[in-house]
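Working notes, beginning with the structure itself.
For reference, positions follow the sequence shown, starting with 1. Note that these values count all heavy atoms, side chains included, but never hydrogens, waters or copies made by symmetry.
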Amino acid sequence: MNTPYDEVTFYASASLARKDRMSVRDLKFEGYSWRQGTNTPGWVSQHKQWDALVFSGKIHESNAIDEHTRDRRTLTVYWRFGQQGADIMEAVTAHGADANSAETQLRYGIRGVQTGPVERTLWDIKSRR
């Protein structure tokens with residue numbers, strides 16, 4: 001292979017939540033951050049350094065009492081793309097208000113995990129063929 005570079009770098013990210021505290025069913029595609037009429041917050045649609053695919057779904061509390069007494073919350077996931085690559089960002093909202101605080105993150109065990117860089121030379125990759 002003729003390649004104009006001699007090293008490859010990989011990064012990975014994931015968003016995790018505790019299954020014993022919440023579940024999300026039917027995470028659905030909502031739209032694109034760059035299109036007018038998409039129900040995305042201003043801090044997402046006005047950001048010019050990256051674009052995002054927007055997904056959302058209802059949060060179901062694992063505790064039966066909380067499921068019936070708490071205000072309904074929504075998990076919105078933004079799959080962001082930009083010059084620096086792609087990653088995932090999540091936000092929890094309750095009736096349109098931003099509930100994405102440290103307390104909410106702790107309550108549901110929501111955590112972002114990122115790893116990298118993992119660097120490999122092309123010689124190392126090509127020699128394994």
(request) Answer yes if the side chains of Glu61 and Tyr108 hold a donor-acceptor pair under 3.5 Å, and no otherwise. (result)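 Yes, Tyr108 and Glu61 have a side-chain donor paired with an acceptor closer than 3.5 Å.
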(message) Is it the case that the side chains of Thr121 and Glu7 hold a donor-acceptor pair, with the cut-off being a distance below 3.5 Å and no angle test?
(response)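 There is no such pair (donor and acceptor under 3.5 Å, judged by atom type) between the side chains of Glu7 and Thr121.
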(request) Taking the six-membered ring for Trp and the full ring for Phe, Tyr or His, determine whether the centres of Tyr78 and Phe81 are under 6.0 Å apart. (result)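 Not close enough - the centres of the two rings lie 6.0 Å or further apart.
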(message) To the closest 0.5 Å, what do you measure between CG (Asp66) and CG (Asp71)?
(response)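 Between atom CG of Asp66 and atom CG of Asp71 there are 11.5 Å.
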Check: [X] side chain, [Y] main-chain N or O, donor-acceptor pair, under 3.5 Å:
| X | Y | result |
| --- | --- | --- |
| Arg72 | Ile59 | yes |
| Arg21 | Leu106 | yes |
| Ser56 | Thr76 | no |
| Ser62 | Asp20 | yes |

(request) Show your reasoning for whether side chain to side chain contact (heavy atoms under 4.5 Å, CB included) applies to Tyr32 and Val54. (result) CA-CA 6 Å; Tyr32 307 96; Val54 182; over 6 Å; no
(request) For Gln49, look at atom CD and say whether over 12 heavy atoms of other residues, nucleotides or ligands are found less than 6.0 Å away. (result)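 Check fails, neighbour count at 12 or below.
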(request) State whether the number of non-hydrogen atoms from other residues, nucleotides or ligands found under 6.0 Å of Trp79 atom CH2 is greater than 12. (result)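 Incorrect, the count does not exceed 12.
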Find out if a path of hydrophobic residues (ILVMFWY) with successive side-chain heavy-atom gaps under 4.5 Å connects [X] to [Y].
| X | Y | answer |
| --- | --- | --- |
| Leu27 | Ile110 | yes |
| Ile65 | Met22 | no |
| Val118 | Val113 | no |
| Phe55 | Leu16 | no |

(request) Applying side-chain contact (heavy atoms from CB on, under 4.5 Å) between Val24 and each of Leu75, Val77, Thr74, report the one that passes. (result)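 So, applying the side-chain contact (heavy atoms from CB on, under 4.5 Å) to Val24 and each of Leu75, Val77, Thr74, only Leu75 qualifies.
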(message) Between Asp26 and Lys28, does any side-chain N to carboxylate O distance fall below 4.0 Å?
(response)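 A salt bridge is absent here (no side-chain N lies under 4.0 Å from a carboxylate O).
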